[in-house]
There are 2 protein chains.
Amino acid sequence: MRALQARGETERSHINSRELGEASGVADAQVRKDLASIGATGQPGVGYAIPELMEDLRASMGLHRTWKAVLVGAGNIGRALLAYPRFAEEGFDLVAVLDRAPSVVGRKLAGHTVQPMSAVADVIRRTGAELGIVAVPPSEAQIVAEMLVHAGVRGVLNFAPRPLRLSGSVAVVAVDFTETLERLAFETTMKRSLGSRSRDT
Amino acid sequence: MRALQARGETERSHINSRELGEASGVADAQVRKDLASIGATGQPGVGYAIPELMEDLRASMGLHRTWKAVLVGAGNIGRALLAYPRFAEEGFDLVAVLDRAPSVVGRKLAGHTVQPMSAVADVIRRTGAELGIVAVPPSEAQIVAEMLVHAGVRGVLNFAPRPLRLSGSVAVVAVDFTETLERLAFETTMKRSLGSRSRDT
DNA sequence: GATTGTGAAGAGCTTCACAGCT
DNA sequence: AGCTGTGAAGCTCTTCACAATC
């Protein structure tokens, strides 16, 4: 999907598996297998119809609808997320911002009045948000996540560098900047000692 | 490594592969294979010595030393990274900040004077930075990454939602917030339709 | 002529299971 | 008795290659 988006508007209406593979770093047969597995089909001799392919990709990932998310934590990371224009473009709607600190509660950030944590159940019920974003210090991450889940969110995006223990019925995706840098250090070390193979993204 | 860190200070000096596996969600034999592959050895009948194991893990990931990184992009994400205290704790040193916009060049951010892009080669040579962090708009990500690589960095951390095409000898790790949210939407959909299995992080 | 969809082959990764060490 | 290190077996994922299709 990113490879298609990065191409921007080309005249061509179709793209073949080899090009898709080159753009995303996988083999052509892999592209065909994967696309077949999500029900996207191409035209032999022609390739995949780009608009239909995008639609199939989006549908396979549950992006055929809008997802509402509440953000907890109006610190540096929270504010960066609020200013991130692509969420809305991709169908993610930050419907509310909450924070514990009285000094930021009541302030306006990117059109949202920051709410106190005591409002969490209320806000989630009223907005119908299904996703929660945890952008608070690690010491508070677990309790904040539990409050969100208790209030009804089905998925949690965790920016705190601390593993969350939540009910198995809640999806959790974590972004840990330190881990990411460690991974980069690891791969950089590998690239140095061994030769190189091309990698994606 | 995260599993060990999360245990905190226990009296026990050793840990066996079964416990490590349970804490990190993999099979005991897998733990032994992986640890053997990085040269960490345990004591039959006893397990792995925890301090030595931590040391071997850190060494295998290239974390036995400090990594210097330059940050390009003093926008929301860049500023959030600058304020992130854990980088320094884990041995990552943000040695310089660069930006294209004349309005921010020269400003002080977290102790660093923002440099213009024209200084990139100079800054990297002078500081000896080996890692580059790309926190610029997607339209500039590719060219900025190429400038960094040309100036000598060996690894790039990319926050722009755009795949980078770089020489195979450069390590690239990407953090794409939109992709992350999309992944959360996908997993949330899966959790709803299927039952649940426990997942890590 | 170009390209898909897909069985079959191949490669790589995971689990098993047990000899050997403490 | 408890646990590691590791060949071998089992399994899954990837690549090959080609008949079918446009």
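Lettering of chains follows the sequences in order, A, B, ..., and the numbering in each one begins at 1. Keep in mind that this is a model prediction, so the values were computed, not measured.
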> Would you say the ring centroid of A:Phe177 lies under 6.0 angstrom from that of B:Phe159?
Replying inline: yes
>> Can you pull out the residues from residues 27-45 of chain A that lie within a 4.0 Å heavy-atom distance of DNA chain D?
In response: A:Ala27, A:Ala29, A:Gln30, A:Arg32, A:Lys33, A:Gln43, A:Pro44
>> Please list, in numerical order, the residues of residues 52-62 of chain B that have a heavy atom closer than 4.0 Å to any atom of DNA chain D.
In response: none
Which donor-acceptor pairs under 3.5 Å do side chains of residues 105-126 of chain B form with protein atoms, sequence neighbours excluded?
unit_1: B:His112; atom_1: NE2; unit_2: B:Leu94; atom_2: O; d: 3.0
unit_1: B:Asp122; atom_1: OD1; unit_2: B:Arg125; atom_2: NH2; d: 2.6

> Taking 5' to 3' order, which nucleotide of DNA chain D is first and which is last to have an atom within less than 4.0 Å of a heavy atom in chain A?
Replying inline: D:dT14 to D:dC22
> So do the side chains of B:Glu89 and A:Thr178 get within less than 4.5 Å of each other, counting heavy atoms only?
Replying inline: no
>> I want to check something: taking the side chain as every heavy atom from C-beta on, are B:Asp28 and B:Leu20 in contact at a cut-off of under 4.5 Å?
In response: no
> Considering residues at least two apart in sequence or located in another chain, which fulfil the side-chain contact (heavy atoms from CB on, under 4.5 Å) criterion with B:Ser60?
Replying inline: B:Ile38
> Charged N to carboxylate O under 4.0 angstrom, A:Arg183 versus A:Glu187?
Replying inline: no
Result block: side-chain N/O donor-acceptor pairs under 3.5 angstrom for residues 140-150 of chain B, not counting sequence neighbours:
unit_1: B:Glu140; atom_1: OE2; unit_2: B:Arg100; atom_2: NH2; d: 3.2
unit_1: B:Gln142; atom_1: OE1; unit_2: B:Arg165; atom_2: N; d: 3.1
unit_1: B:Gln142; atom_1: NE2; unit_2: B:Glu146; atom_2: OE2; d: 2.6
unit_1: B:Gln142; atom_1: NE2; unit_2: B:Arg165; atom_2: O; d: 2.9

>> Using modelled atom types and a 3.5 Å cut-off, is there a donor and acceptor pairing between side-chain atoms of A:Ser24 and backbone atoms of A:Val26?
In response: no
>> Between A:Thr188 and B:Arg154, is there a side-chain donor-acceptor contact under 3.5 Å, judged purely by atom types and distance?
In response: no
>> Expressed as a whole number of angstroms, how long is the span from A:Tyr48:OH to C:dT3:P?
In response: 12 Å
> Which is it for B:Arg58 and B:Glu90 under the salt bridge (Lys or Arg N to Asp or Glu O under 4.0 Å) test, yes or no, and what are the steps along the way?
Replying inline: CA-CA 10 Å; B:Arg58 295 186 65 82; B:Glu90 293 289 329; 3.6 Å; yes
